[in-house]
Amino acid sequence: MFPAQFEYHRAISVKDALAMLKQFGEDAKLLSGGHSLLPMMKLRLAQPAHLIDIAKVADLRQITEHGGKVVIGAAATHDQVAANDMVRGKVGLLAECALAIGDVQVRNRGTIGGSLSHADPAADYPAGVLALEAELKLESEAGARTVKAEDFFVDLMTTVIKPEEILTQVAFTPLPANAGFAYLKYRQPASGFAVVGVAAIISLDRGGNCERVHVGITGLGAKAFRAKAVENALAGKGPDAANLAAAAAHAADGIDPLTDIPASADFRAELARVYTRRALATATRKK
């Protein structure tokens, strides 16, 4: 199916894009990689009258270090994220998430900001940005605000981004040297999306017990989430197989699992427990 008729606009700066958003209002949609928006337009699930292309805005494609944090522009592609030496060295978990997305073609076109803004419940990045406690910068003509990853995702394909705002960058505090991490997922074979995906970070204290445990889970429910029950169950304990399994058993606590063609609710909940255990074990081995 062909999309409904629309007008195409290419922004040359964030300021330019914000002015267009104000001008066209609810009739406008931002276009970056297009892997989420264009299929919806072809199915007539989205029919914007104006597309504002921000993919070529130079400031949105940069990956830099500022104030001790790794700062990734929203229009940086998955391939940029996966291949960047600073990302790999300081927030390697995010590079693993990027490498797990789709295929080569998708990774060369899709963007981190587009994926996070779309908030697909099966996307890979959300688990990683939650575990890494990222901060997301949202800009409008009225100014800028910073939102913690844990507050960013609201519901199914819904975030805190306001109609007049643009997600411009995502900032990450580098992982400590003693941190191990892993992102593992049960992959939907047709789309490459995560039926369930788990991002885990573990740091040990001098006694060999878990000092820091962060777990982000995607695919299980209507939005990605921090698995606090898992983190609390493992905190202060040794990362042996029994403790990892006992903690991972809480992966689906308090979540209403999705049911669809790839997986039933019960199967998804079991996948979350299994992949949480595996991700925790892998993070421990990678230390």
side-chain contact (heavy atoms from CB on, under 4.5 Å), that's the test. Do Ser140 and Lys22 meet it? Break it down for me. CA-CA 9 Å; Ser140 70; Lys22 182 177 181 179; over 6 Å; no
According to the side-chain hydrogen bond (donor to acceptor under 3.5 Å, both in side chains) rule, which pairs have a member within [range], sequence neighbours left out?
{"range": "residues 91-107", "answer": "Glu96-Lys286"}
{"range": "residues 39-51", "answer": "His9-His50"}
{"range": "residues 83-92", "answer": "Glu65-Lys90"}

Please report the shortest heavy-atom distance between [X] and [Y], naming the atom on each side.
{"X": "Val81", "Y": "Val87", "result": "O-CG1, 3.5 Å"}
{"X": "Gly197", "Y": "Ala127", "result": "O-CB, 4.3 Å"}
{"X": "Gly219", "Y": "Leu258", "result": "O-CD1, 4.0 Å"}
{"X": "Ala265", "Y": "Pro257", "result": "O-CB, 3.5 Å"}
{"X": "Met20", "Y": "Ile52", "result": "CB-CD1, 3.5 Å"}
{"X": "Lys223", "Y": "Val154", "result": "CD-O, 3.5 Å"}

Please confirm whether the backbone N or O of [Y] pairs with a side-chain atom of [X], one donor and one acceptor, at under 3.5 Å?
{"X": "Glu165", "Y": "Lys162", "result": "yes"}
{"X": "Arg277", "Y": "Leu244", "result": "no"}
{"X": "Thr218", "Y": "Ala123", "result": "yes"}
{"X": "Asn209", "Y": "Gly238", "result": "yes"}
{"X": "Asn178", "Y": "Leu204", "result": "yes"}
{"X": "Glu231", "Y": "Val215", "result": "yes"}
{"X": "Asp124", "Y": "Cys97", "result": "no"}
{"X": "Lys185", "Y": "Ala100", "result": "yes"}
{"X": "Thr276", "Y": "Ala249", "result": "no"}
{"X": "Asn108", "Y": "Val104", "result": "yes"}

Is [Y] reachable from [X] through a run of hydrophobic residues whose side-chain heavy atoms are each under 4.5 Å from the next?
{"X": "Val106", "Y": "Ile112", "answer": "yes"}
{"X": "Ile101", "Y": "Ile63", "answer": "yes"}
{"X": "Leu175", "Y": "Leu94", "answer": "yes"}
{"X": "Val147", "Y": "Val71", "answer": "no"}

List the residues meeting salt bridge (charged side-chain N to carboxylate O under 4.0 Å, His left out) with Asp253, not counting sequence neighbours, and say none if there are none. none
Atom [atom1] of [X] with >12 non-hydrogen neighbours under 6.0 angstrom:
{"X": "Phe172", "atom1": "CZ", "answer": "yes"}
{"X": "Arg109", "atom1": "CZ", "answer": "no"}
{"X": "Asp256", "atom1": "CG", "answer": "no"}
{"X": "Ile261", "atom1": "CD1", "answer": "no"}
{"X": "Tyr8", "atom1": "OH", "answer": "yes"}

With the side chain counted from C-beta on, respond yes when [X] and [Y] share a heavy-atom pair under 4.5 Å apart, and no when they do not.
{"X": "Leu234", "Y": "Ile202", "answer": "yes"}
{"X": "Ser117", "Y": "Ile161", "answer": "yes"}
{"X": "Val213", "Y": "Leu280", "answer": "yes"}

Atom [atom1] in [X], atom [atom2] in [Y]: separation rounded to 0.5 Å?
{"X": "Glu139", "Y": "Leu167", "atom1": "CD", "atom2": "CG", "result": "9.5 Å"}
{"X": "Asp59", "Y": "Ile54", "atom1": "CG", "atom2": "CD1", "result": "11.5 Å"}
{"X": "Cys210", "Y": "Ile201", "atom1": "SG", "atom2": "CD1", "result": "13.0 Å"}
{"X": "Ser32", "Y": "Leu37", "atom1": "OG", "atom2": "CG", "result": "10.5 Å"}

Sort out for me which residue in Lys148, Arg226, Lys69 forms a salt bridge (Lys or Arg N to Asp or Glu O under 4.0 Å) with Glu133. Arg226
One pair to check against side-chain contact (heavy atoms from CB on, under 4.5 Å): Val195 and Phe193. What are the steps and the verdict? CA-CA 6 Å; Val195 178; Phe193 277 106; over 6 Å; no
Tested for side-chain contact (heavy atoms from CB on, under 4.5 Å) against Ile166, the lone hit among Leu30, Val57, Leu138 is Leu30
Check ring-ring contact (aromatic ring centres under 6.0 Å, His included) between Tyr183 and all other residues, then give those that pass, not counting sequence neighbours. none
So, using ring-ring contact (aromatic ring centres under 6.0 Å, His included) as the criterion, who are the partners of His214 when residues are at least two apart? none
Mind running side-chain hydrogen bond (donor to acceptor under 3.5 Å, both in side chains) on Glu135 and Thr146 for me, showing each step along the way? CA-CA 6 Å; Glu135 295 181 337; Thr146 299; 5.6 Å; no
Should His250 and Val230 be marked as a side-chain contact (heavy atoms from CB on, under 4.5 Å) after you check the CA-CA gap, both sets of side-chain angles, and the distance that decides it? CA-CA 5 Å; His250 297 284; Val230 174; 4.2 Å; yes
When you look at Met40 and His118, which way does the side-chain contact (heavy atoms from CB on, under 4.5 Å) test go after all the steps? CA-CA 11 Å; Met40 294 179 66; His118 188 57; 3.5 Å; yes
